[in-house]
Protein chains: 4
Amino acid sequence: MTGTGVWLIGARGNVATMAAVGARALARGETEETGLVTARPPMAGLALPDVADLTFGGHEVREGSLVESARTMAAGGAPDRDTVDAVADDLRAIDDRVRTGTAVNAGETIAALADDAADAERSLAAVVSRIRDDYESFRAAHDLDRVVVVNLASTEAPVEEPGRYDTLASFEDAVADDDPGLPASSLYAYAALKGGHPYVNFTPSTGSALGGLRELAVENGVPHMGRDAKTGETLVKSALAPMFAGRNLHVMSWEGHNVLGNADGRVLEDEANEAGKLQSKGGVLEGILPDIEHNRVRIDYTPSLGDWKTAWDYIHFEGFLDTEMKLQFTWEGSDSALAAPLVLDLVRLVAYADERGEAGLQPHLASFFKAPLGVDDHDFSRQLERLREYARERGGDERGDAGAEVDAGGD
Amino acid sequence: MTGTGVWLIGARGNVATMAAVGARALARGETEETGLVTARPPMAGLALPDVADLTFGGHEVREGSLVESARTMAAGGAPDRDTVDAVADDLRAIDDRVRTGTAVNAGETIAALADDAADAERSLAAVVSRIRDDYESFRAAHDLDRVVVVNLASTEAPVEEPGRYDTLASFEDAVADDDPGLPASSLYAYAALKGGHPYVNFTPSTGSALGGLRELAVENGVPHMGRDAKTGETLVKSALAPMFAGRNLHVMSWEGHNVLGNADGRVLEDEANEAGKLQSKGGVLEGILPDIEHNRVRIDYTPSLGDWKTAWDYIHFEGFLDTEMKLQFTWEGSDSALAAPLVLDLVRLVAYADERGEAGLQPHLASFFKAPLGVDDHDFSRQLERLREYARERGGDERGDAGAEVDAGGD
Amino acid sequence: MTGTGVWLIGARGNVATMAAVGARALARGETEETGLVTARPPMAGLALPDVADLTFGGHEVREGSLVESARTMAAGGAPDRDTVDAVADDLRAIDDRVRTGTAVNAGETIAALADDAADAERSLAAVVSRIRDDYESFRAAHDLDRVVVVNLASTEAPVEEPGRYDTLASFEDAVADDDPGLPASSLYAYAALKGGHPYVNFTPSTGSALGGLRELAVENGVPHMGRDAKTGETLVKSALAPMFAGRNLHVMSWEGHNVLGNADGRVLEDEANEAGKLQSKGGVLEGILPDIEHNRVRIDYTPSLGDWKTAWDYIHFEGFLDTEMKLQFTWEGSDSALAAPLVLDLVRLVAYADERGEAGLQPHLASFFKAPLGVDDHDFSRQLERLREYARERGGDERGDAGAEVDAGGD
Amino acid sequence: MTGTGVWLIGARGNVATMAAVGARALARGETEETGLVTARPPMAGLALPDVADLTFGGHEVREGSLVESARTMAAGGAPDRDTVDAVADDLRAIDDRVRTGTAVNAGETIAALADDAADAERSLAAVVSRIRDDYESFRAAHDLDRVVVVNLASTEAPVEEPGRYDTLASFEDAVADDDPGLPASSLYAYAALKGGHPYVNFTPSTGSALGGLRELAVENGVPHMGRDAKTGETLVKSALAPMFAGRNLHVMSWEGHNVLGNADGRVLEDEANEAGKLQSKGGVLEGILPDIEHNRVRIDYTPSLGDWKTAWDYIHFEGFLDTEMKLQFTWEGSDSALAAPLVLDLVRLVAYADERGEAGLQPHLASFFKAPLGVDDHDFSRQLERLREYARERGGDERGDAGAEVDAGGD
């Protein structure tokens, strides 16, 4: 399969930058596939688009350039400066394909970050129309078989009464009425699904989660999935919590405290936006440990950490004969380095599903998300098993070893 | 099913004491089934022997009494003193059924702990014969349908060249020749399997792992399983390591440091004995993360901790674009409170298998062990799924909820 | 010196209960002086009142009894149940001396905890008069040389514009005018200083910190000190922060996250009250590390922890050549077990000062407090050195060894 | 004061490299004085030699170059690559002044690291004579007022029966007799003191600690000090342990576990060398907490960490009423970035003492060392106060603020 375009909303943000740097570094043989789930069997055995063949473009509301973003991140430790130098020309080429995005209805903090141009637009219908044109121009300009749209923009506040948009008709009425409750992420998603472009919501924002958009995806035969990529603390939670359940240990309290220093952290200080994030982070534990008594997640902005995130989790649990015990962990990771390969994985898997006509939600991708649409199971191991089964059923081969190469070059 | 006897080797050790206290407290309605895996569906739906109906006895090489052991442990925090008081009479009754064990070939440290009587015996054949008599007298005295023998004694040094005992004939020759390389744990196991008693090796000692004893189990139609119960740090490892593998994250170093204060810790200071423990703890990671570069486990004796164990694990891993990240955890648990319910689980499940004529190794019990005999998969989640499947295939019902009661009373 | 009374405001709270249990257990030889600063030389060499000779009484706004409080705490692990049994009669005797306190102007959360009787009073002058009578009746009934009043009640919200009460005249006018801004803690302090009773504010509440009350203390020749005892995370901070300063290491961020489960935690969930606490906790770092860029303290209520508190501190600092490094610590302590001996220390030292006519603030007691009145130095080591110097100047002997006995019995 | 030479034994090791990079980066205005104790008042007020004016040379037993060492370290994160580039010419100039060292009697692990040339020498007298010539040629070639010799070489095994060398006569006899027990570090120290060069032992090796060498220092009027720089875990210990002592909290167990990945870690895997390190690390706690029951330090080699060290310390202590509590910390630091500024501090302070004729041991420098020669007090805060007093007595001014500039420039 060739000709896959990747349209990143939030195209110069940290995750998008890391994904672009990584894809091009793989294409140029400057790095290896560590962190790419699709590089492992049996997924590696599927006919997925090569990472090296992906063509990148996107929307962005802030000024700047990908090279600038990459150099700023390199100063914080990842990616490596040599790698950025090696792909700088590629990044410049991608930058030329970045269009001005919209921050309509995305909340005050995000609006404040956006440049004027992005806010000048008035009618939602006009916004949607412009976005659709941007997608289509990209596809046409690069003669792509398909364009996968991925939302990587900063987290919006949750939609109030999302039930209002439960049907496609009600959603389209709201667009026509310039409904101020309709968030930017859902406009991008609508434009994608309407145009037949597969869509992935990597963030906790609403995106394609509304009933009306799910209806549209099925109607138009487009695959889509979301939401809120599971990259750090919540990933660990979804691996550890099933252990307590499986051993019938009673979790009394699970406190999670995250400190992070990037733009995401600054946005999350806006309480409304934070609400969106905490909802999907917290839900993971409730799902796996229905008897949990106390479950709190805090996210704080610690500027000196830059793109790095540290989480401290404190788990107070009870075992046999009411014996109280404790597990604590600290996780120190680069959010973007954890997220970026998953962007590439999701693009490859959603493009593959689109090629095969597998439309609508993609539950086998649940392991990638904190709040997987249409899936109740939050056990990471079982979610991953579901992906492996999907791959095996489609001919992915378990025999390939863990070191199997991503075919990073084409010709 | 009624009439199940439980014969504990190391009958007054911490784990045995906690198991006896817990079983009797459950029988008397003094506690709940937290920590018992078999209390959860679908296992709870199987016709397992009631915990309340189990009859306890065992071997011990040290002086003392169960009530004494329990009171000493209560001073350290678990079990609760009220619970010990409530079951004190039951513990005394069990104590009357404890016989002097053997420390033949168990290493110097363990021999030093043992009372003289235990060492006075000379010929291995005589030792085996006495053990068999003890098992049988217990069965007869209490009119039991079956006796499950569980090894809870302190860890022995590993057997050198275990291949020497690969057949039943070679094993029996070694007994006849008073082979000094044949450890006590294997003599107890031999006596059990020879007499048709199901056998569980809860410790890292050799027990029934020798080829000759596996042959005997099959020949005699007796279920058996081991070894080294997965209760703390290694349990967490087997839940976390698959997360790194599943996300294709490269673990460079995994340092594990355990500090503990009980008799187990004292014995592990004997380097030879430690070797046995570290072998099964370390193997878990190698199995799940074949590319791991550095994997070390340390066990240190810290007297003030009593029966509590603290582990610090430091995991240094690499993600996308060679980004280095870290996960650390500390685990603070009561080893005995974690282990004791698993003893009861294993007794119930092995007795059930015996009732159904399911002889030989029991791979569906792999989740209970650090080095499960005959099973290569160390992924805790997958091991547990295997147990659930076993239960479902035999009519265990997934619908039962997590709070399903252990039927703790008889009539 | 004999005849010292201890009047505890919040007399059945955890700290008061632990202090009373500990003092009586010392008197009865049931425990040792671990945790008592005054048991160490050179302080041990001063003519301090014997712990065994202290007579306890106090105010409380909640129903209940000391024995009940002590038993509830024993269930959580400290004090030990045997110790509570040994001093139960002593606790009952103290309970007979507990009078109904006031929750006037203490904030909604605290008022909600109080029983009706405590709130029935109307005029501040009447409240003060009743409190003074309670102090005096206690002194007279037990023929005491002096009564040291210690505030252990739950944290109030900070006073707005404390400058309004900068003179004794303005304070007394406010009492006469029934000023709703005047907190309960300051009324208790006023009653103490007015009656000539030494006063210690163990909490972050306002107490004797108002200018008018400091004036009164000097005028009446009464020693007093506060505020906010330094027992856990902040103690560690005040020991560690000077290390960074001394080595010229630049602290960029210091995140402190406290989780606790007692009544104090519940009260601190009330945002206004929390403000009071965070002010003194945060100030310690600013004092020692003037260049710190980011300093945050969080306090969360985690019910399952009971009287225990866990703190996680994450310190991100920069060394030579801008190298970024990290120190993290977790502290798990029983707040009351840490606080209680300091109550006894402060009573002994303030009674001693009173006996010697050392009136007003007591800066040599700074090491006991997070926000020591009249002292800017937050370096724990230097604060402690000041106490040692005070003792040496008054004849305390450095030669006494660390194990020197508290003379716990008299006759 | 001008004309100070710095002769580093182990001149291309990590600490030496970082010290050289840092000194030159300061000279060139490429970095700030973070981490330099002498940049803070009152020390900053003394007439210390400017860092920018120091002239570097040294001995090394391994091949390679400073630029190579610095680039390898930069790949691990510190120092920054730009900084290395900025001082590369300066490093090459220093490299020209590095002479082949000796590994005589330094133990097998170190000898294995050394190149052949270093081992070719036979008689100790000849070794000493060559070293003295190297020092003197350096001084003469650069017309230096004085040369401070600093031992930064890998840790040797401890000397057995150091009492044998208690007098200068016995030491010199041992040299004449080619005594195989006399370690390389003491030969370097002897050569320095004999030639009138101030000497600092930054490592746990023996160096100038022998009685005979102390005698020589006094006789020749040369200042010297050591040993084992306090840079990481032990620094934290010496700041935290006095807190437990000051509050009369009883430390039952203090477990320290260090993992590190540099050459130092590899050498410490040699058990004999490890013994030397553990002795000084362990002694700090025994000194501050005489009643400690259990105190263990482990050092393990974790290759992936490179020049970084992580320490986990677990402190189990008892407070009032025998309540057991815990403090844990993890420290993640670059050993070299912590150590390097202290090398510069010590050179400046020892050169200053030499200029003033303050010969023999320098107890006011105790805060820099784990096992300060001639000082029993391990309390970091008190040690540091001693340095401040020294500076104040000599006119250092407390008023200078913490941000006072190191005068990093020329004339």
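Chain letters run A, B, ... following the sequence lines, proteins first, then strands; residues in each count from 1.
Between B:Leu240 and A:Val236 the shortest side-chain heavy-atom distance falls below 4.5 Å.
Between the side chain of B:Arg382 and the backbone N or O of A:Glu385 there is no donor-acceptor pair closer than 3.5 Å. The backbone N or O of B:Ala245 lies less than 3.5 Å from a partner atom in the side chain of A:Arg40, making a donor-acceptor pair.
The number of heavy-atom neighbours closer than 6.0 Å to CD of B:Gln328, taken from other residues, nucleotides and ligands shown, is above 12.
Between chain A and the options B:Leu384, B:Leu235, B:Thr83, heavy-atom pairs under 4.5 Å are most frequent for B:Leu235. Ranking B:Gly22, B:Pro341, B:Ala78 against chain A, the residue ahead of the rest is B:Pro341, based on heavy-atom pairs under 4.5 Å. Ranking A:His250, A:Glu32, A:Lys230 against chain B, the residue ahead of the rest is A:Lys230, based on heavy-atom pairs under 4.5 Å. Contact tally against chain B (heavy-atom pairs below 4.5 Å) for A:Gly246, A:Gly77, A:Pro242, A:Ser238: the top residue is A:Gly246.
B:Trp312 does not touch chain A: none of its heavy atoms, backbone or side chain, sits under 4.5 Å away. Contact annotation for A:Thr31: only side-chain heavy atoms (C-beta onward) come within less than 4.5 Å of a heavy atom of chain B. For B:Ser367, the part lying under 4.5 angstrom from a heavy atom of chain A is the backbone only. Heavy atoms of B:Leu344 lying under 4.5 Å from chain A belong exclusively to its side chain. Neither the backbone nor the side chain of B:Ala311 comes within contact range of chain A; no heavy atom of the residue lies under 4.5 Å from a heavy atom of that chain.
The line from CZ of B:Phe320 to CG of A:Leu342 is 9.5 Å long, rounded to the nearest 0.5 Å.
Between A:Asp379 and B:Ser381, the shortest heavy-atom distance links the atoms OD1-OG, 4.0 Å. Here the closest non-hydrogen pair linking A:Ala25 and B:Leu321 is CB-CD2, 4.1 Å. Minimum interatomic distance between B:Ala337 and A:Thr323 (heavy atoms only, all atoms of both residues): CB-OG1, 3.5 Å. Looking at every heavy atom in both residues, A:Ala39 comes nearest to B:Asn248 through CB-ND2, 3.7 Å. Between A:Trp331 and B:Met243, the closest heavy-atom pair is CZ3-CE, 4.1 Å.
Each salt bridge (charged side-chain N to carboxylate O under 4.0 Å, His left out) pair with one or both residues in residues 318-330 of chain B, not counting sequence neighbours, appears once here: B:Lys326-D:Glu332.
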